[in-house]
Amino acid sequence: MAGDDMISGLQRLTTTIHQQGARAILQLVHAGQRAIVVMPDDQWVARGPSSSKTPPTHALSVAQLAMIIEQFGQATRRAMAAGFDGVEIHGANHFLLQQFMSPLTNRRTDSYGGSLVNRLRLPIQIVRRVLQEAQSSQRPFVVGYRLSPEERLTGGLELSDQLFLMRCLAALPVDYLSLSLHHYWQLPLTLKSPRPTAVLAKRFIPQVPLMVAGKVVSSCDLNQLADWQIELVGRYFGIHNGRVGYSREK
């Protein structure tokens, strides 16, 4: 939802979805250093938390971060105008918000880097701006947040950091949280526990509905998630060879 010119086309989409008796939630994402653009001098450059040679990345300024926060707010406004029933802020899969949370990609020394409190500043500010916009809706409008629980690289984002972020998001509050998992029963790598990550997350933030995805393919899987008191289940949905349908789980 980068511009108002997209509203009319998405209105047709939400109308079709609603005609089938379903609800439509729009995912809002900024790719950060994963979105490489061509500069006037034909150099490929990305924008992210910190400068980097691989990939070539320029650090975002505080003024640019303020612009990004407002862009999330405006995207939420457009989502409401297009008839969506909510938005999901994408803070997973190594996109911008996870890049700011991760010590591997965030090496800033200002108020947006260093300590955990500083690293979660941008995600919190974006969620607050989105919630502010959502409050102007004349009908129910939900705001969710998607996150990866941890990174598998030494010195990367740890589950304890993400659990703290989840508790902060629950206090704002968001309407639901969504875990991006390789498989729903996976155990944590950065926190010693015999319990699956999804179970730990649900016990840590019991007051907020939790969505879990990752190889949920049978009624047995659904029953297991119900036993864990997981309220929502996600499946990856995409377009392959021109046809829309469920993809294989990541």
Side-chain angles (χ1 to χ4, degrees), residues 1-2 6 25-37 44-52 54-62 64-76 78-79 84 86-108 112-113 116 118-131 143-153 155-159 161-166 168-169 172 174 176-182 190 197 201 210-214 234-239 247 249-250:
M1 291 295 275
M6 298 181 177
I25 295 180
L26 182 67
Q27 194 174 77
L28 305 180
V29 58
H30 190 303
Q33 67 182 43
R34 299 189 69 183
I36 299 177
V37 297
W44 292 82
V45 179
R47 301 285 182 177
S50 305
S51 297
S52 172
T54 308
T57 304
H58 288 174
L60 289 160
S61 68
V62 172
Q64 289 172 323
L65 294 180
M67 184 183 301
I68 289 171
I69 293 167
E70 180 58 24
Q71 287 171 340
F72 271 87
Q74 292 305 313
T76 303
R78 296 182 188 108
F84 283 94
V87 293
E88 181 179 277
I89 301 167
H90 199 327
N93 306 124
H94 302 284
F95 290 129
L96 182 67
L97 300 189
Q98 183 174 333
Q99 292 165 20
F100 267 84
M101 284 294 298
S102 173
L104 289 178
T105 46
N106 185 348
R107 299 179 300 280
R108 300 172 73 101
Y112 286 94
L116 174 59
N118 284 352
R119 285 185 281 117
L120 60 78
R121 191 179 305 277
L122 181 65
I124 293 298
Q125 289 180 335
I126 285 175
V127 172
R128 282 178 173 163
R129 180 65 185 91
V130 169
L131 287 171
V143 175
Y145 191 97
R146 181 172 175 80
L147 69 163
S148 300
E150 58 193 340
E151 293 176 342
R152 299 180 174 225
L153 299 173
L157 185 59
E158 296 186 357
L159 177 57
D161 292 349
Q162 292 291 66
L163 289 174
F164 186 81
L165 172 62
M166 293 171 75
C168 293
L169 295 172
L172 288 177
V174 295
Y176 73 92
L177 293 164
S178 175
L179 283 182
S180 178
L181 301 169
H182 292 281
T190 59
T197 299
L210 182 65
M211 180 183 293
V212 170
R235 279 277 292 174
Y236 178 63
F237 190 76
I239 299 177
S247 79
E249 289 289 340
K250 295 187 242 184

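The structure presented is a predicted model; accordingly, all values stated were derived computationally and were not measured. Counting from 1, the numbers follow the sequence of the chain as shown.
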For this session: To the nearest 0.5 Å, tell me how far Asp161 CG sits from Arg119 CZ.
Result: 5.0 Å

Exercise. Is any side-chain heavy atom of Asn93 less than 4.5 Å from a side-chain heavy atom of Val29?
Worked result: no

Problem set entry | CZ-CG distance between Arg108 and Leu122, expressed to the nearest 0.5 angstrom | 8.5 Å

Exercise. For the side chain of Thr190 and the backbone of Glu158, is there at least one donor-acceptor N/O pair under 3.5 Å apart?
Worked result: no

For this session: Check whether any side-chain heavy atom of Leu26 lies under 4.5 Å from a side-chain heavy atom of Leu28, and answer yes or no.
Result: yes

Problem set entry | Side chains of Leu165 and Ile124 in contact at under 4.5 Å (non-hydrogen atoms) | yes

Exercise. Got a second to check how far Phe100's CZ is from Ile126's CD1, nearest 0.5 Å?
Worked result: 8.5 Å

Exercise. Just wondering, are more than 12 heavy atoms of other shown residues or ligands nearer than 6.0 Å to CZ in Arg107?
Worked result: yes

Problem set entry | Over all atoms of both residues, closest heavy-atom pair of Leu97 and Gly91 | CB-CA, 3.8 Å

Problem set entry | Leu116 side chain near Met101 side chain, heavy-atom distance below 4.5 Å | yes

For this session: Determine yes or no for a side-chain-to-main-chain donor-acceptor pair under 3.5 angstrom, with Ser180 supplying the side chain and Ser148 the backbone.
Result: no

For this session: For residues Gln162 and Glu150, determine if any side-chain heavy atom of one lies less than 4.5 Å from a side-chain heavy atom of the other.
Result: no

For this session: Apply the test side chain to side chain donor-acceptor pair (under 3.5 Å) to residues Ser52 and Gln33: give CA-CA distance (whole Å), side-chain angles for both, the deciding distance (0.1 Å), then the verdict.
Result: CA-CA 9 Å; Ser52 172; Gln33 67 182 43; 5.6 Å; no

For this session: State the CZ-CD1 distance between Arg121 and Ile69, to the nearest 0.5 angstrom.
Result: 10.0 Å

For this session: Write down the atom of Tyr112, the atom of Asn106, and the distance for their closest heavy-atom approach.
Result: O-ND2, 2.8 Å

For this session: Would you please test Leu147 and Leu169 for side-chain contact (heavy atoms from CB on, under 4.5 Å) and show each step?
Result: CA-CA 11 Å; Leu147 69 163; Leu169 295 172; 5.5 Å; no

Exercise. Does some side-chain heavy atom of Arg129 sit less than 4.5 Å from a side-chain heavy atom of Gln74?
Worked result: yes

Exercise. Taking the side chain as C-beta and beyond, is there a heavy-atom pair between Met6 and Arg78 under 4.5 Å?
Worked result: no

Seminar exercise, completed: Hits for side chain to side chain contact (heavy atoms under 4.5 Å, CB included) against Met211, two or more places apart or cross-chain, chain-then-number order -> Tyr176, Ser178, Leu232

Exercise. Just wondering, do Arg128 and Leu172 contact through their side chains at under 4.5 Å, heavy atoms?
Worked result: yes

Problem set entry | Cation-pi check, Arg34 onto Phe95 ring (under 6.0 Å, within 45° of axis) | yes

